[in-house]
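Data first, discussion second: the structure below is written as structure tokens.
The structure displayed is predicted, hence computed values, not measured ones. Note that these values count all heavy atoms, side chains included, but never hydrogens, waters or copies made by symmetry.
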Amino acid sequence: MSNTIAARLSAIRTEMEKSNLDAFIIPRADEYLGEYVPAHNERMLWSSGFTGSAGMLIVLKDSAAIFVDGRYTVQVRQQVDAELFEYLSLHDTPQAQWLTEKLSANANVGFDARLHTLSWFNNTRNTLSKAQIELVAVKDNPIDLNWSDRPQASSEPIMAFSEQSAGRSSIEKRCTIGAAIKAAGADVAIIAALDSFCWLLNIRGKDVPRLPVVLGTALLHANGDMVLFTDTTKLPAGIEQHVGSGVSFKTEAELEAELGKLKGAKVLASPDTTNAWLQITARNAGAELIAGADPVALPKAQKNDAELSGMKACHIRDGVAVSRFLAWLDSEVQAERLYDEGQLADKLESFRLEDPLYQEPSFDTISAAGANAAMCHYNHNDGTPAQMTMNSIYLVDSGAQYLDGTTDVTRTIAIGEVTDEQRKMVTLVLKGHIAIDQAKFPQGTSGQQLDSFARQYLWQHGFDFDHGTGHGVGHYLSVHEGPQGIAKHRSAVALLPGMVLSNEPGYYRANEFGIRLENLVAVRPSVTLANCERDMLEFEVLTFIPMDARLIDKSLLTSAEIQWFNQYHQQVREKLSPHMQGAELTWLNKVTAAI
């Protein structure tokens, strides 16, 4: 493989020489800047062999560097040739600063403006210009020019998502968001997030793995009219009637010309999430850019009754599928038949596959045995899947895309005997999970304010975890949806009724074990408080799957927490038992018994 990568780097350098570039920057991103990148846009992988989900390459005339975060320090050394690339930290070594140390004045650094945000462009240009280095946008990406066996983009047709499931018509949504665009002082907005324009048009697609969206970019006018630039050969019959009046469809090749017509228009776009090329092209055509957040994000996050009922329905079926897997796992462990992480992930999916509404996983299943679970974003596909061992802990974090909603759940399972220390740590995590689940908070409260509820018990014993407590989840859309979240940073958005979030505190002890307990919850006006002086909100749990009582130290729980645990399991039994039978039902009754 390293010969192939060396040849590819050489091809990139040939293109750099033609354009008089001293460096070229390759991010792990495509023009849509989403979390997932389809195979035909995996430019960083093509250039380096690295399969991780985040990172950046910088190719110089006679050397190259790969920047990755802490999740990938082991993996990058396994996949990327040290003779071709220097390994650096994505966060500890700012790339622009690194370039100023590597290059001399009057050097040119090439980049593809479609693959970076406008904020990144402005910040990087400022840093480089202080060292008299110029940031140069290339017209043609050197990788695209040389990628001869490039995979084909998906040709799966666009799906009309029923108005009944969506709860609102596209016209209604577009006019509402159009009014918000006008209120922001703009004439038109660039809707670049794939899940945003799919939600606006009530469409879904199969263009990106794990995310049921269509590739494209949209322009939404203040009057609600919209142009979607996408692969028009994939439009289904009757799409015009489905989306309603005011929508036109054009190819992505026509986007540049359309941006050129925005002279004099005020264009709303997010400098932090929308690619630089779209905004620079509009500005060069004489448009005035108005910086602002994606106007679709907040309305999309507040699920309506139809969306919430779909979420609730799919969570019951998902609960049955995951519980059947857990019942199978218990019986196999009792018979001392142990499997590897990949076999377990496949077995779990086999239960979901029995559901006709199941489409695909909502993210790559984290199936982690023993010490692997201490890596919170572990992926068994990045190396050889580990074998499960007796007297250990198994962590499985998985989710599904159903036609009526999106799920995400983590359960931590005892495999044989576990230690008192492990039980203590699981119980501290559970106490934090219950604190979030039972939280009551006034309107205007953000997830950032709730985050420490989940950590307080770990903190009291000198422990913590290094990820957010919760992320937003879409309705048959992205399993990681903004702007809502529960985390120390970047979750300052007020929680609003209808938002769906995960509740997933954890604990990770390096080289030993990992713990996470995750349910999805929906924000609703409080129905459990009387005589409130303020408008109060609370969470309604959506996920109904047993938690492993064998991992709980009851002596560390208060009577209210014990009551929560027993009531939760009573609900699990009531909701799932009509859909289970035989040995599986016997197992369910046993594991949901009161502690």
Pair [X]-[Y], side-chain donor/acceptor within less than 3.5 Å:
X	Y	value
Asp272	Ser270	no
Asp195	Ser478	no
Trp199	Glu481	no
Tyr72	Ser53	yes

*asked:* Would you say that more than 12 heavy atoms from the other residues, nucleotides or ligands in this model lie under 6.0 Å from the NZ of Lys266, or not?
replied: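 At most 12 heavy atoms, drawn from other residues, nucleotides or ligands, come within 6.0 Å of this atom.
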*Counting heavy atoms not belonging to Lys263, are there more than 12 under 6.0 Å from its NZ?*
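Atom NZ in Lys263 is not crowded, with 12 or fewer foreign heavy atoms closer than 6.0 Å.
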If we ignore hydrogens and angles and just use 3.5 Å, is the side chain of [X] paired with the main-chain N or O of [Y] as donor and acceptor?
X	Y	value
His242	Gly238	no
Gln571	Tyr568	no
Lys575	Arg573	no
Gln438	Ala435	no
Asn275	Glu31	yes
Arg174	Val243	yes
Ser309	Ala306	yes
Glu360	Arg210	yes
Arg411	Ile545	yes
Ser362	Ala400	yes

Salt bridge flag under 4.0 Å for residues [X] and [Y]:
X	Y	value
Asp187	Lys182	no
Glu288	Arg283	no
Arg168	Glu163	no
Glu538	Arg524	yes
Arg204	Glu156	no
Arg114	Asp30	no

Looking at [Y], is [X] sitting on its ring face, NZ or CZ under 6.0 Å from the six-membered ring centre and within 45 degrees of the normal?
X	Y	value
Arg352	Tyr358	no
Arg317	Tyr402	yes
Lys250	Phe229	no

In the structure I gave you, are the side-chain heavy atoms of [X] and [Y] within less than 4.5 Å of one another anywhere?
X	Y	result
Leu200	Ile177	yes
Ser323	Met580	yes
His433	Asn519	yes
Asp404	Ser165	no
Ile190	Leu220	no
Leu259	Trp277	yes
Leu517	Pro505	no
Leu450	Leu495	yes

*Report the C-alpha distance between Thr406 and Gln401 in whole Å, list the side-chain angles of each, state the deciding distance to 0.1 Å, and finish with yes or no for side-chain hydrogen bond (donor to acceptor under 3.5 Å, both in side chains).*
CA-CA 5 Å; Thr406 302; Gln401 294 288 7; 2.7 Å; yes
*Kindly determine whether Ser367 and Glu341 satisfy side-chain hydrogen bond (donor to acceptor under 3.5 Å, both in side chains), including the steps that lead there.*
CA-CA 5 Å; Ser367 171; Glu341 296 161 334; 5.9 Å; no
*Going through the distances and angles, do Thr232 and Phe249 end up as a side-chain contact (heavy atoms from CB on, under 4.5 Å)?*
CA-CA 7 Å; Thr232 52; Phe249 299 95; 4.2 Å; yes
*Take Val521 and Glu540, measure what side-chain contact (heavy atoms from CB on, under 4.5 Å) needs, and give me the verdict at the end.*
CA-CA 5 Å; Val521 294; Glu540 175 182 12; over 6 Å; no
*Which of these passes side chain to side chain contact (heavy atoms under 4.5 Å, CB included) with Pro27: Thr117, Leu115, Asp112?*
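Among the candidates, only Leu115 passes.
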Distance check, rounded to the nearest 0.5 Å: [X] atom [atom1] versus [Y] atom [atom2]?
X	Y	atom1	atom2	result
Leu255	Leu278	CG	CG	5.5 Å
Asp346	Thr365	CG	OG1	8.5 Å
Ser350	Phe325	OG	CZ	9.0 Å
Arg534	Met536	CZ	CE	9.0 Å
Leu308	Lys303	CG	NZ	7.5 Å
Leu219	Ser248	CG	OG	9.0 Å

*asked:* Please verify the inter-ring angle class for Trp120 with Phe111; under 30° counts as parallel, over 60° as perpendicular, anything in between as tilted.
replied: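 Tilted: the ring planes of Trp120 and Phe111 meet at 30° to 60°.
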*For the residue pair His471 and His480, categorise the inter-ring angle as parallel (less than 30°), tilted (30 to 60°) or perpendicular (more than 60°).*
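The rings of His471 and His480 stand perpendicular, inter-plane angle above 60°.
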*Given side-chain contact (heavy atoms from CB on, under 4.5 Å), test Ile203 with Ile239 step by step and report yes or no.*
CA-CA 9 Å; Ile203 57 174; Ile239 186 71; 3.9 Å; yes
_Quick check: Tyr378 with His380 (ring centres under 6.0 Å apart)?_
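Not close enough - the centres of the two rings lie 6.0 Å or further apart.
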*List the steps and the verdict of side-chain contact (heavy atoms from CB on, under 4.5 Å) for Leu496 and Val523.*
CA-CA 6 Å; Leu496 296 163; Val523 182; 6.0 Å; no
